[in-house]
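Per chain, numbering begins at 1; letters A, B, ... match sequence-line order. In this text the structure is predicted, and so the values were computed from the model without any measurement.
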Amino acid sequence: MTTAAVSQRKIRVLVAKPGLDGHDRGAKVIARALRDAGMEVIYTGLRQTPEQIVDAAIEEDVDVLGVSILSGAHNTLVPRILEGLRAQGAGDIAVIVGGIIPTDDAARLKELGVAGVFGPGSSLKEIVDFVRAHARPR
Amino acid sequence: MSRTQDRLAAPARGGAGERKARFLTTSGVAVKGLYRPEDVAGLDYERDLGDPGSYPFTRGIHANMYRGRLWTMRQFAGFGTAEETNERFRYLLKEGQTGLSVAFDLPTLMGYDSDHPRAEGEVGVEGVAVSSLADMETLFDGIPLDQVTTSMTINAPAIIIFAMYLAVAEKQGVPFDKLSGTIQADILKEYIAQNEWIFPPEPSMRLITDIFAYCAEHVPRWNTISISGYHIREAGATALQELAFTLANGREYVRAGIAAGLDVDAFAPRLSFFFNSHNDLFEEVAKFRAARRVWAKLMREQFGAKNPRSWMLRFHTQTAGCSLTAQQPYNNVIRTTIQALAAVLGGTQSLHTNSLDEALSLPTEEAVRIALRTQQIIAEESGVANTVDPLAGSYFVEALTNQMEQGVWEYFRRIDELGGVIPAIEQGFFQREIADAAYEYQRRVESGEQIIVGVNAYTIDEETPIPILKIGPEIEAKQRERVARVRRERNAERVRETLAAVRDAAAGGANLVPPILDAVRAYATLGEIVDELRAVFGEYNEILII
């Protein structure tokens with residue numbers, strides 16, 4: 001594969017909604033923004049288990065996994081997703097988290113391997129740029 | 001034209017010398033620089049406004065509104081176990097709150113018991129966990145149910161939680177006809193925006209008409225449904241979409257009640273509404289005023305309701321959670337004040353004001369107190385509660401009110417073309433409209449056309465500077481143990497019998513409230529009863545719209 005071909009491949013992103021909450025406004029807005037920025041975006045729909053999300057990320061061969069969570073269960077669910085990816089040899093998929101995440105929880109999630117955490121008020125451009133910069137190299 | 005008028009009118013025509021290319025409401029509706037008599041030409045006082053307390057109730061549903069009685073200050077609360085929420089309720093009642101409002105945790109909203117695997121990490125986090133009557137007894141311990149009004153935000157499993165409330169009343173010796181309060185039970189907006197559904201639309205509508213029928217006979221003061229625009233707005237809808245979709249849902253529930261054989265005046269007076277109040281003061285006031293007028297016309301003209309109480313749109317308001325910022329969180333107090341003011345100027349019956357820390361976490365006790373004080377200051381100090389509908393007759397507000405009403409009839413036409421609310425849901429109509437509006441709004445924020453103070457302008461470097469409330473994992477362990485104890489100590493045979501009766505009624509078509517009430521009395525759990533219903537009704541599948 002030539003370098004040119006590599007750089008032409010679109011970044012693939014899975015936007016996932018774990019947990020029981022139905023708040024999908026953020027997930028849908030981000031999905032559209034990433035798509036408008038030229039990425040391929042797959043959305044899981046609501047209430048996926050960490051296992052379902054890991055499987056979907058691997059099956060869809062994504063570069064970035066965006067996890068949207070507003071239920072407060074991030075401390076339980078996000079580590080399980082990270083472990084699942086590593087266990088299946090997909091630890092290089094960049095995981096970003098969006099939602100209402102208290103600052104110290106965000107720090108802890110980053111220590112566990114989350115690439116970035118975006119709370120309310122984050123700009124779309126900032127997120128798009130971050131995804132571009134952190135997509136796993138091909 | 002005076003020179004002042006001339007100066008103000010000029011921008012409406014051209015835009016030269018203005019600080020922006022266009023002036024939009026929060027919902028993206030263009031606003032002129034000046035409104036004049038011709039903007040409300042044809043407005044007929046008796047026909048279009050009427051005195052407060054008179055059809056079409058544009059000016060309010062009571063003749064004297066807040067001079068007679070202030071709105072109910074009702075702060076939504078619930079977290080952790082039933083004991084902790086019970087404690088918060090007692091605190092709020094002591095601080096002068098006049099009604100209770102229960103937030104349930106996500107497992108409860110989705111019909112899972114606290115010990116279900118899907119509940120892990122979510123027990124007691126976003127609300128209180130209620131898995132059986134035992135939890136409900138604790139939640140209302142020491143709170144006489146004939147002396148408070150209770151609003152419960154519960155939808156898909158509303159019929160079960162309501163039955164638990166009835167069972168607690170029985171134990172307190174309070175007759176059902178002394179109970180007053182509200183269950184949200186608005187399943188249509190779940191498919192449209194809030195997404196906490198369990199069963200498909202048809203059987204879900206039947207659960208609602210069963211509640212209508214039961215309450216008309218046994219719990220006459222209960223508000224059987226709270227038809228909610230709040231969540232539609234939070235999902236990104238405009239003010240008009242919030243209003244139009246909510247009233248369309250209301251129309252659908254009335255049709256369902258009539259189709260179930262009920263007389264419209266037997267249930268319509270107990271329908272209530274729940275709206276959002278966002279930042280744009282006049283747009284929100286116009287929305288509330290238009291809501292009353294459309295509903296009155298709909299009920300009298302289209303459904304032929306005879307009882308004036310059927311014509312009156314009563315509503316609760318919550319300030320807009322989605323408007324709160326994590327950045328410079330104290331600014332949220334000011335946003336909430338403006339939004340609360342809009343609700344009061346719009347004639348709300350009850351109000352929840354959000355706490356300043358809610359973009360970060362659940363509210364702390366201090367933040368909740370400031371939110372309640374915001375309402376008390378508006379009520380006692382601002383003077384706006386001294387007279388009824390003070391903005392009536394404003395060219396701008398009346399023009400916006402008319403515009404809102406026209407927009408609602410237009411949406412009704414489009415929904416009818418799709419075959420009604422449920423077919424429109426199945427075609428993703430509402431979901432797409434809302435997703436489009438949410439994205440459009442976000443792009444205006446992104447471009448800086450819509451300024452959010454502290455977010456895309458006037459920013460500072462800051463750390464989260466405020467104390468936040470956290471729910472620890474020990475809550476989940478404690479709650480699991482409680483559920484296990486209930487399962488151990490109850491009469492298993494009685495549970496089996498009552499659950500079988502629930503399934504029979506679900507399959508057969510008899511009103512489901514009495515068998516569910518029997519099951520909760522026997523301490524059958526929420527999850528067990530939902531499982532019986534699911535076995536008969538099946539589950540709803542999400543329609544994916546990005």
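Between chain B and the residues A:Ala33, A:Gly26, A:Gly119, A:Ala31, the most heavy-atom pairs under 4.5 angstrom are made by A:Ala33. Of the residues considered (A:Ser122, A:Ala27, A:Gly22), A:Gly22 shows the highest number of contacts with chain B, using heavy-atom pairs under 4.5 Å. For the options B:Pro117, B:Pro473, B:Ala235, heavy-atom pairs under 4.5 Å to chain A are most numerous at B:Ala235.
Only the backbone of B:Glu234 comes within contact range of chain A, with heavy atoms under 4.5 Å apart. With a 4.5 angstrom heavy-atom cutoff, B:Gln194 touches chain A via backbone and side-chain atoms both. Heavy-atom distances place the side chain of B:Leu544, and not its backbone, under 4.5 Å from chain A. With a 4.5 Å cut-off on non-hydrogen atoms, A:Arg35 touches chain B through its side chain but not through its backbone.
Contact check for B:Arg118 versus A:Arg47: side-chain heavy atoms found under the 4.5 Å cut-off. Residues B:Asn195 and A:Lys17 have side chains not in contact (no heavy-atom distance under 4.5 Å, counting atoms from C-beta outward). Between A:Arg32 and B:Asp436 the shortest side-chain heavy-atom distance falls below 4.5 Å.
Side-chain atoms of B:Gln327 come within 3.5 Å of backbone atoms of A:Pro120 as a donor-acceptor pair (strictly under, hydrogens ignored). Within the 3.5 Å criterion, the main-chain N or O of A:Gly45 finds no donor-acceptor partner in the side chain of B:Glu542. At least one donor-acceptor pair under 3.5 Å links the side chain of B:Glu122 to the backbone N or O of A:Leu20.
Scanning both residues, A:Val29 and B:Tyr439, for their nearest heavy atoms gives O-CE1, 3.8 Å. Closest approach of A:Asp36 to B:Arg443, counting heavy atoms only: OD2-NH1, 3.8 Å.
Within the model, atoms CD of B:Glu196 and CG of A:Leu46 stand 9.5 Å from one another, a figure rounded to the nearest 0.5 Å. Atom-to-atom distance recorded for B:Gln442:CD and A:Leu124:CG is 4.5 Å, nearest 0.5 angstrom. Rounding to the nearest 0.5 Å gives a distance of 6.5 Å between CD1 of B:Ile545 and NZ of A:Lys28. Atom-to-atom distance recorded for B:Leu360:CG and A:Thr103:OG1 is 7.0 Å, nearest 0.5 angstrom. Atom CD of residue A:Glu126 and atom CD of residue B:Glu446 lie 9.0 Å apart, to the nearest 0.5 angstrom.
Enclosure of atom CD in B:Glu366 is not indicated, since only 12 or fewer non-hydrogen atoms of other residues, nucleotides or ligands lie within 6.0 angstrom.
Residue-level contacts of residues 72-83 of chain A with chain B, in order of numbering, are A:Gly72, A:Ala73, A:Thr76, A:Leu77, A:Arg80; threshold 4.5 Å between heavy atoms.
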